[in-house]
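What follows is a single structure, written as structure tokens, with notes after it.
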Amino acid sequence: MTDCPKCDHETLVKTEELGKIPLDVCPGCHGIFFDKGELEALLKQSQGEVPAGFGLISPKPDTIDCPRCKVKMSRGGLVNPMLLVDKCDSCGGIWLDPRELSLLKKLLGLSGGPEGVQVARPAPAAVGPEEKGFPVLKYAMVLAALLGLALVSYELYVYFSPAGSVEREFSAGMTAFGALLLAGGGIGAIKA
Ligand SMILES: [Zn+2]
Ligand SMILES: [Zn+2]
């Protein structure tokens, strides 16, 4: 996870859309972080000679942190004192805002090649198990199954009791209804 040095809560996304070089691009501000050597490699793909290694012109302490090293970067001119970019003294990485890449190419007299790259935010990672609503249906099914079981038990109790000891008479209809509730509720509870 590499955070964007400019945006809060943005994570850089690796993409090879720019010159088949695995660059880290911010989905928010579309800034690009070039690891040491990557910017040179990209610029070499446009025609033209590229100065080896970019040293900053009159670098000053920067306010943003290197997304790799988490140390303050330096801000200075790249190729031209007017093109101010952020560079990490520690790892040699360079952060370019979207328009800085095209400015740099203009300054170097390079033409062709891609100008920038857009990336989509990655889908947010699922946090723990999926939050499920209260499983009302499942409980209703279990309740129906229990009610069915009670009905069937009661009717069987009535059926097997000696005649006269129970006031009610056995009802085949209620038994069937109870059995249906039990079966339906049972299957429903498992599937819900
Ligand atoms: Zn950003
Ligand atoms: Zn660094």
Side-chain angles (χ1 to χ4, degrees), residues 1-138 191-192:
M1 296 288 267
T2 312
D3 295 328
C4 175
K6 293 263 169 106
C7 308
D8 289 333
H9 315 300
E10 291 283 11
T11 303
L12 302 184
V13 178
K14 263 246 192 283
T15 176
E16 295 200 2
E17 250 170 68
L18 208 56
K20 298 272 173 279
I21 299 165
L23 302 173
D24 296 279
V25 181
C26 174
C29 65
H30 306 297
I32 307 169
F33 186 75
F34 296 84
D35 284 310
K36 188 178 173 65
E38 285 181 345
L39 183 56
E40 290 91 326
L42 175 69
L43 294 175
K44 275 199 186 104
Q45 293 182 6
S46 318
Q47 320 95 36
E49 281 302 301
V50 176
F54 289 106
L56 291 189
I57 305 163
S58 49
K60 295 193 171 54
D62 204 346
T63 51
I64 67 171
D65 292 335
C66 170
R68 289 262 185 274
C69 320
K70 311 289 175 207
V71 298
K72 288 272 177 281
M73 300 176 85
S74 294
R75 191 161 179 82
L78 188 67
V79 181
N80 182 302
M82 300 302 287
L83 178 62
L84 291 173
V85 302
D86 312 290
K87 185 176 181 184
C88 175
D89 299 321
S90 173
C91 68
I94 292 175
W95 175 262
L96 289 189
D97 292 332
R99 86 193 160 86
E100 290 171 346
L101 177 62
S102 51
L103 274 175
L104 175 66
K105 289 174 74 173
K106 275 202 192 84
L107 286 172
L108 290 171
L110 300 176
S111 58
E115 288 293 324
V117 63
Q118 308 252 323
V119 289
R121 269 180 203 88
V127 183
E130 205 176 305
E131 287 264 336
K132 264 195 174 172
F134 187 73
V136 179
L137 190 64
K138 202 172 183 93
K191 290 205 168 172

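Not measured: the values here are computed from a predicted model. In what follows, residues are counted from 1 in the order of the sequence shown. Scope of the values below: all heavy atoms of this structure, side chains included, with no hydrogens, waters or symmetry mates. Counting starts at 1 for both ligands and their atoms, in listed order.
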What angle, to the nearest 10°, do the atoms SG (Cys88) and SG (Cys66) form about the Zn ion (ligand 2)?
110°
Does some side-chain heavy atom of [Y] sit less than 4.5 Å from a side-chain heavy atom of [X]?
{"X": "Leu56", "Y": "Leu78", "result": "yes"}
{"X": "Cys91", "Y": "Met73", "result": "no"}
{"X": "Asp86", "Y": "Pro5", "result": "no"}

Rounded to 10°, how many degrees is the angle SG/Cys26-the Zn ion (ligand 1)-SG/Cys4?
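Here the angle at the metal atom is close to 100°, to 10°.
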Where the Zn ion (ligand 1) is the vertex, angle from Cys29 SG to Cys7 SG to 10°
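It is 110°, given to the nearest 10°.
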Have a look at Leu83 and tell me which of Leu96, Leu103, Ile57 forms a side-chain contact (heavy atoms from CB on, under 4.5 Å) with it.
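When side-chain contact (heavy atoms from CB on, under 4.5 Å) is applied between Leu83 and each of Leu96, Leu103, Ile57, only Leu103 qualifies.
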